[in-house]
Amino acid sequence: MRTVMIVDDSVSMRQMVGYTLRQGGFEVIEAEHGQDALNKLAGATVDLILTDLNMPVMDGITLIQNVRKQPAMKSKPILMLTTEGLASKKEQGKAAGATGWIVKPFDPEKLLQTLAKVLP
Amino acid sequence: MNEGIQTQPREPGLTPAPEVPGEIAMDRLVVETELAGYLPHLSRMSKQLKETSQQIESSVVGVCNSFQGIAERAKQTVARTTGFLSQEGGKDSNTTSFESLIDNCSGTLVKILKTTEEASEISRRAIERIHQMDQASQLISAALLKLEQIARENRMLAMNARIEAAHAGIHGAGFGVVAVEVVSQTEKSQQVTAQVSELIKNLRALAGSTVDDLQRMNDRDRKRVEECRIEVDESLREMQATHSEMKSVLSGMTDAGAMLARDIGSAVRGLQFQDRTNQQIAHVAEDLDTMHAKLTTRLGPAAAAGIALDEGFAAYTMHEERRIAGIGGVESAAGEVELF
């Protein structure tokens with residue numbers, strides 16, 4: 001079973017994304033901000049990261065930059081899931097190493113389709 | 001996100017209050033005092049917005065948890081039914097599938113019918129053999145009649161021989177003795193023939209009643225076999241119809257499950273309004289906190305001495321609003337019922 005890490009400071013968003021992914025047959029690890037995600041990544045094997053942009057402690061862009069430094073996570077897909085849709089922000093995400101950008105609110109079926117596309 | 005009220009020091013870029021004439025200074029003091037009176041409302045509004053945001057979020061989390069439960073139960077139900085109806089039976093159970101059960105029942109019933117038919121055939125053959133035995137008995141009876149005829153002729157012959165022996169006088173005396181003996185032997189033979197006839201008669205009567213019994217049994221068995229066949233066919237048809245019905249129900253359940261998943265998907269999409277709303281509320285609350293902090297710094301001593309002005313503000317009628325506003329009093333807890 002593939003494992004997806006959801007990083008979002010909103011409990012309800014984590015619940016909604018978690019519900020969708022579990023229904024799609026994924027194992028889910030939740031983190032409430034970038035630093036929490038980095039801590040949890042240390043002891044886990046993750047196939048994909050789905051992260052929010054604006055979060056306390058550590059934001060999504062910084063998280064991606066840190067994750068990409070880890071050899072095991074260099075080629076793993078990382079998707080941004082955020083209410084932010086500005087092209088300049090997207091460029092920042094792409095430069096940091098994001099694989100894709102999904103603007104909230106997400107469509108559960110489309111989210112699963114996107115995951116299937118980016119997962120090897 | 002700001003939590004609560006934070007008093008910030010006067011920002012370096014903030015323009016200092018210019019020197020003004022006395023009348024204007026008085027007006028300004030009045031305005032500042034009034035503004036100071038509204039300051040507590042700013043922090044209250046910010047607090048209220050944050051709590052509302054938290055309440056919305058916890059409601060959405062509750063709804064999501066329910067979705068998870070609904071989806072899991074629907075999945076389990078479909079999986080259990082599928083397992084029950086599938087060829088392999090329940091995945092993790094030792095139970096036989098419904099289809100194999102029908103096949104097994106059908107096989108067993110066919111075997112029972114076959115055995116009953118075989119028993120019926122055996123009794124039919126027994127009847128046939130008894131008929132053959134009866135025919136043989138009839139032949140024996142006919143043979144006995146012939147023997148009886150021969151015996152009668154022998155007696156007649158012996159009687160004539162005795163007459164002839166009497167005519168021959170002393171020379172026929174021996175012949176007469178033989179004739180008497182022949183009569184005696186003939187009588188004995190007739191007695192044996194009569195006994196055999198009687199035995200055959202009894203045997204035929206017995207065979208007749210056995211044939212009747214077997215015939216009745218055979219007729220009854222054939223009738224029962226036919227009735228059983230009809231009942232078995234009917235039962236198997238009903239079982240198959242029930243199975244088809246269950247399959248169709250299962251198919252309906254699977255469709256309903258898929259629809260449920262789609263509906264939940266739509267609901268999940270709809271519920272994400274809360275994330276945006278929460279962000280907007282957080283931004284408004286943050287601005288209110290900033291406004292409060294800036295005004296507190298700007299108003300200085302007037303803010304500290306200010307009396308809260310409630311004029312023009314909504315009355316706090318809800319428990320939570322009153323709690324945030326710091327209005328005390330004995331109140332019933334949520335969900336509490338009191339009958340008067």
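This one's a predicted model, so the numbers in the text were calculated from it and none came from an experiment. Numbers restart at 1 for each chain; the letters A, B, ... are given by sequence-line order, proteins then strands. Values below: every heavy atom of this structure, side chains too, minus hydrogens, waters and symmetry copies.
With respect to Asp52(A) and Arg14(A), no salt bridge is recorded, no charged nitrogen being found less than 4.0 Å from a carboxylate O. Residues Asp287(B) and Lys294(B) are not paired through a salt bridge, judged by the lack of any N-O separation under 4.0 Å between the basic side chain and the carboxylate. Remark: Glu51(B) does not engage Lys47(B) in a salt bridge, criterion side-chain N to carboxylate O under 4.0 Å.
Residues passing the side chain to side chain contact (heavy atoms under 4.5 Å, CB included) test with Val249(B), sequence neighbours excluded: Glu245(B), Met253(B).
The contact list for residues 61-75 of chain B toward chain A, using heavy atoms and a distance under 4.5 Å, reads Val61(B), Cys64(B), Asn65(B), Phe67(B), Gln68(B), Ala71(B), Glu72(B), Lys75(B) by residue number. Of all residues spanning residues 267-276 of chain B, those with a heavy atom less than 4.5 Å away from chain A's heavy atoms are Val268(B), Arg269(B), Leu271(B), Gln272(B), Gln274(B), Asp275(B), Arg276(B), arranged by number. Applying a 4.5 Å heavy-atom cutoff, the residues of residues 15-43 of chain A that approach chain B are Gln15(A), Met16(A), Tyr19(A), Thr20(A), Arg22(A), Gln23(A).
Side chain of Thr52(B) to main chain of Gln48(B): a donor-acceptor pair is present (N/O by atom type, distance under 3.5 Å, no hydrogens or angles). The backbone N or O of Glu84(A) lies less than 3.5 Å from a partner atom in the side chain of Trp101(A), making a donor-acceptor pair. Here the side chain of Ser53(B) pairs no donor or acceptor atom with the backbone of Leu49(B) at under 3.5 angstrom. Under the 3.5 Å distance criterion, the side-chain polar atoms of Thr62(A) are left unmatched by any main-chain donor or acceptor of Met58(A).
In this structure the side chain of Thr83(A) reaches within 4.5 angstrom of the side chain of Gln279(B), judged on heavy atoms.
Paired with Asp47(A) under the rule side-chain contact (heavy atoms from CB on, under 4.5 Å), one option of Arg2(A), Met1(A), Met5(A) passes, and it is Arg2(A). Tested against Thr51(A) for a side-chain contact (heavy atoms from CB on, under 4.5 Å), the candidates Asp8(A), Ile78(A), Asp59(A), Ile6(A) yield a single pass: Ile78(A).
Interface remark: of the candidates Pro108(A), Pro105(A), Pro56(A), Pro105(A) forms the most heavy-atom pairs closer than 4.5 Å to chain B.
For the 3.5 Å distance criterion, the side chains of Ser106(B) and Asp103(B) fail to qualify, holding no donor opposite an acceptor.
Across every non-hydrogen atom of Lys50(B) and Ala285(B), the tightest pair is CE-CB, 3.8 Å.
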